[in-house]
Amino acid sequence: MTSDLFLAGMRKVAGAVSVITTLGNDGERRGLTATAVCSLSAEPPSLVACVNRKTWVAQFVPDSGVFAVNVLSHAQEPIARTFAGQTSLAAGDRFSVGDWRAGSTGAPIVGGALVSFECRLDQVVDHTTHIILIGRVVETVPGDGHSLVYLDGGFSSVPRSLSAA
């Protein structure tokens with residue numbers, strides 16, 4: 001089994017696009033684009049987010065104890081690209097793209113997202129190149145729009161079904 005074959009296989013799995021955000025001890029904002037996010041439990045409301053340990057987010061969350069998962073709408077593809085490092089903006093300058101505000105935990109949340117989940121850190125699990133953030137959801141900020149997904153190395157939209165039947 002090679003990592004190239006594994007990565008090629010994972011590119012076939014569509015994932016909702018999120019920007020995970022947090023704060024440094026000095027209040028400096030950081031964020032990254034991710035697809036490795038999922039619910040963990042409803043009681044208490046909890047989720048899991050996987051991030052590379054070399055990122056600012058991975059370094060800041062254990063100290064700040066808070067993070068937000070902003071699930072992006074298709075209209076927010078420029079935000080996804082910015083926080084994925086596909087523009088010249090870096091670090092806190094990335095927050096110049098999008099309508100950002102501090103949530104109840106202080107972690108940045110973006111207006112226009114499908115939903116934002118504000119979390120308090122419950123646990124960090126180390127695993128090879130990544131850490132797994134387990135967060136207790138303390139606020140859910142619902143939004144609207146079509147989902148932005150990542151599939152086969154590119155961004156795409158998934159419209160809502162027109163009927164519930």
Single-linkage hydrophobic cluster, 4.5 Å side-chain cutoff, V69 and L32 together: yes

task: Report yes or no: do V149 and L72 belong to one cluster of Ile/Leu/Val/Met/Phe/Trp/Tyr joined by side chain heavy-atom distances under 4.5 Å?
output: no

Does [X] reach the side chain of [Y], with side-chain heavy atoms less than 4.5 Å apart?
{"X": "Q86", "Y": "T82", "result": "no"}
{"X": "S156", "Y": "L151", "result": "no"}
{"X": "R120", "Y": "F67", "result": "no"}
{"X": "L89", "Y": "S96", "result": "yes"}
{"X": "L148", "Y": "S73", "result": "no"}

Distance col, row S39:OG vs F117:CZ, nearest 0.5 angstrom, shows 8.5 Å

The reported gap from CZ in F60 to CG in L23 (rounded to nearest 0.5 angstrom) is 9.0 Å

Quick one: closest heavy-atom pair of [X] and [Y], and the distance?
{"X": "T33", "Y": "A84", "value": "OG1-N, 3.1 Å"}
{"X": "S157", "Y": "H146", "value": "OG-CB, 3.5 Å"}
{"X": "R30", "Y": "A91", "value": "CZ-CB, 3.5 Å"}
{"X": "A80", "Y": "V17", "value": "CB-CG1, 3.8 Å"}
{"X": "C119", "Y": "T105", "value": "O-CG2, 4.4 Å"}
{"X": "L114", "Y": "G145", "value": "CD2-O, 3.4 Å"}

Can I get a per-line list of side-chain donor-acceptor pairs under 3.5 Å for residues 121-142, giving both atom names and the distance, sequence neighbours left out?
unit_1	atom_1	unit_2	atom_2	d
D126	OD1	R53	NH1	3.4

**Report entry** Backbone of V66 reached by a side-chain donor or acceptor of S64 within 3.5 Å
**Finding:** yes

For W100, the side-chain contact (heavy atoms from CB on, under 4.5 Å) test, sequence neighbours excluded, returns V19, T21, R29, N70, I79, F83, F95, P108, V110

